Amino acid sequence: MTEAEEKPLRIEVSRVIAASPGEVFAVLRDPHGHVDIDASGMLMDATGDLVSAVGDRFTVHMDRRALGDLPWQDYDVEVVITVFVPDREIAWTIEGRLKPPLRHVYGYRLEPAGDEVTVTSYYDWSQLDPSWQSSSGSFPVVPESALKATLGILDRTVRRHRAAS
């Protein structure tokens with residue numbers, strides 16, 4: 001088995017958050033919520049409206065210096081919603097400066113459990129465009145530790161939103 005065959009093509013991490021699915025989903029459907037909870041350090045700002053359906057889009061203003069893997073500084077990507085089930089799941093792919101698009105997917109699944117919700121963050125690059133396969137050694141772009149940290153920041157953000165309302 002080759003090293004590429006041994007590498008996973010999807011990462012999933014979960015965390016229980018003391019909140020309702022609606023409270024968590026409110027952050028995840030908000031373009032600014034994505035920036036607020038990002039642990040990678042790449043998301044600088046966002047423009048666009050709350051998403052409400054598959055196909056909705058918003059722009060995220062990025063800075064790749066946080067990863068230090070490419071000489072990109074300020075650039076924009078479009079987030080394209082691919083799954084939208086209110087209070088249950090949201091996922092998206094990225095379109096931007098790379099052509100053809102990579103077709104990697106980020107998402108969250110919410111599983112309610114009483115007064116809490118289990119939030120699973122996933123990052124899937126199994127549908128990576130074939131033209132990028134030779135460079136797939138650079139995947140995952142965002143490590144598992146960043147997904148875990150993002151869930152912690154999501155927990156904190158939801159608590160702060162609750163306290164502010």
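Note that the structure is a prediction, hence the values are computed from the model and not measured. The analysis underlying the following values was restricted to heavy atoms, covering all of them including side chains, and did not include hydrogens, waters or symmetry mates.
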Between I11 and L147, does a side-chain contact (heavy atoms from CB on, under 4.5 Å) hold up when you go through it step by step?
CA-CA 9 Å; I11 298 171; L147 294 184; 3.6 Å; yes
May I ask you to decide if L43's main-chain N or O and D38's side chain share a donor-acceptor pair within less than 3.5 Å?
yes
One pair to check against salt bridge (charged side-chain N to carboxylate O under 4.0 Å, His left out): E78 and R57. What are the steps and the verdict?
CA-CA 6 Å; E78 255 196 296; R57 296 170 175 261; 3.2 Å; yes
Does a side-chain heavy-atom distance below 4.5 Å link I17 with E116?
no
Compare all side-chain heavy atoms of M42 with those of D63 and state whether any distance is below 4.5 angstrom.
no
Look only at the side chain of T120 and the backbone of S14, and say whether a donor-acceptor pair between them is shorter than 3.5 Å.
no
Using the side-chain contact (heavy atoms from CB on, under 4.5 Å) rule, pick out the option among V85, D87, V158 that qualifies with F25.
D87
Quick one: does any side-chain atom of T150 pair with a main-chain N or O of A39 as donor and acceptor, under 3.5 Å?
yes
With rounding to the nearest 0.5 Å, note down the distance linking CD1 in I153 to CG in L151.
9.5 Å
Working to the nearest 0.5 Å, report the span between NE2 of H104 and OG1 of T93.
6.5 Å
ring-ring contact (aromatic ring centres under 6.0 Å, His included) pairs touching residues 28-56, sequence neighbours excluded, are H34-F58, H34-W92
List the residues meeting side chain to side chain contact (heavy atoms under 4.5 Å, CB included) with V54, not counting sequence neighbours, and say none if there are none.
F84
Check the pair L154 / V27 against side-chain contact (heavy atoms from CB on, under 4.5 Å), numbers first and verdict last.
CA-CA 8 Å; L154 174 62; V27 173; 3.8 Å; yes
Would you say D76 has more than 12 foreign heavy atoms packed within less than 6.0 Å of its CG?
yes
What's the separation between atom CD in E89 and atom CD in E111, rounded to the nearest 0.5 Å?
9.5 Å
pair R88-P21: side-chain heavy atoms closer than 4.5 Å:
no
Quick check: do Y106 and I94 have side-chain heavy atoms less than 4.5 Å from each other?
yes
Would a distance-only check, ignoring hydrogens and angles, find a side-chain to backbone donor-acceptor pair under 3.5 Å from E23 to S20?
yes
Does the side chain of D74 reach to within under 4.5 Å of the side chain of M62, using non-hydrogen atoms?
no
Are I81 and I90 close enough, and set up right, to give a side-chain contact (heavy atoms from CB on, under 4.5 Å), and what steps lead you there?
CA-CA 7 Å; I81 302 301; I90 187 168; 4.2 Å; yes
Under a 4.5 Å cut-off applied to non-hydrogen side-chain atoms, are L110 and L28 in contact?
yes
What's the separation between atom OG1 in T82 and atom CG in D56, rounded to the nearest 0.5 Å?
11.5 Å
What is the ring orientation for Y123 with W125, classed by angle as parallel under 30°, tilted 30 to 60°, or perpendicular over 60°?
tilted
R109 vs E12, test: side-chain contact (heavy atoms from CB on, under 4.5 Å). Steps then yes/no.
CA-CA 10 Å; R109 275 191 323 275; E12 288 196 14; 3.0 Å; yes
